[in-house]
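Everything below concerns the one structure shown next.
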Amino acid sequence: GPLEEMSLPLFFGWFLLSSVQDKVRCTSMDFLKTLDTLEAFKKHLSDFTGKAEKEVDLEQYFQAKGTLHCTTKFCDYGKAPGAKEYAQNTAVKEFYGSAFELSLSALFVTPRTVGARVSLTEEQLLLWPADPEEEAGSTSLPRGSRAHITLGCAEHVEPVQTGLDLLEILTLQQEGQQGEPIEEMELGSLTYYGEGRWLLTLREPICTPACFSSFYG
Ligand code: ACK
């Protein structure tokens with residue numbers, strides 16, 4: 001019945017404490033503001049606007065999507081494959097409600113999404129489901145590659161896209177594409193991977209406390 005269907009959440013994940021959410025959002029906004037002003041970005045502006053020369057305000061371009069989190073398992077209230085098995089996993093039950101420290105190692109921007117890459121520890125990988133990378137068609141990337149925080153989506157883009165955009169960039173790297181080094185920024189080094197894909201590898205990862213829990217919506 002409907003009650004049983006409600007017993008599994010929309011998704012499990014790490015939820016950033018509200019005090020650090022603001023800090024992460026600010027960092028992301030600052031990055032977008034700076035990116036916007038770079039000549040290299042303006043050169044590739046048509047990736048974002050479809051037309052050369054038109055201006056784009058990246059801070060307006062992306063819309064925030066709810067509370068900042070790193071999804072582990074999208075359960076869709078039990079309808080997603082493997083949802084029940086995940087919820088019954090020993091580590092998931094044991095760590096439910098526990099605090100973790102997430103390490104954000106990079107920020108990335110595409111014409112669809114802006115996000116932060118999360119580098120998971122061995123312990124955190126215990127909470128990572130079996131196959132989210134394979135589900136997205138990336139069979140040869142290490143487990144946990146998809147881990148991210150969605151910071152914003154372009155109009156009409158769903159947040160599921162953020163992890164797919166990250167996997168796309170990591171696949172290019174794995175195939176040996178170095179990308180075009182753009183410049184050393186205060187936060188780290190900026191690389192362009194074509195088709196509007198920008199990656200800022202952070203000099204110092206951003207460490208943020210987060211609670212492993214679930215979201216029902
Ligand atoms: O930004 P996200 O990781 O992308 O957080 C949201 C969250 O679940 C609630 O929508 C993510 N999400 C949505 N659909 C999927 C899916 N099919 N696979 C993995 N994650 C998903 C979305």
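Ligands are counted one by one from 1 in listed order, and the atoms in each one are counted from 1 as well.
- In this structure, Tyr96 and Phe212 have perpendicular ring planes: the angle between them is above 60°, well past the 30° mark.
- Atom 20 (N) of ligand 1 has Phe74 CB, 3.5 Å as its closest protein atom, hydrogens excluded (heavy atom only).
- For atom 2 (P) of ligand 1, the nearest protein heavy atom (residue, atom name, distance) is Thr71 OG1, 3.5 Å.
- Residue-to-ligand polar distances keep Phe11 apart from ligand 1: every N/O pair is separated by 3.5 Å or more.
- Ring-plane geometry between Trp14 and Phe100 is classed as perpendicular, the angle between the planes exceeding 60 degrees on a 0 to 90 degree scale with a lower cut at 30.
- The aromatic rings of Phe48 and Phe62 stand perpendicular to each other, their planes meeting at an angle above 60°, with 30° marking the opposite boundary.
- A 6.0 Å sphere centred on CD of Glu184 holds more than 12 heavy atoms belonging to other residues, nucleotides or ligands.
- Tyr86 places a side-chain N or O within 3.5 Å of a backbone atom of Leu127 that can act as its donor or acceptor partner.
- Protein heavy atom closest to atom 19 (C) of ligand 1, with residue, atom name and distance, is Arg146 NH2, 3.4 Å.
- With distances taken over non-hydrogen atoms, the option nearest atom 6 (C) of ligand 1 out of His148, Lys73, His69 is His69.
- Nearest protein heavy-atom contact of atom 1 (O) of ligand 1 is Thr150 OG1, 2.4 Å.
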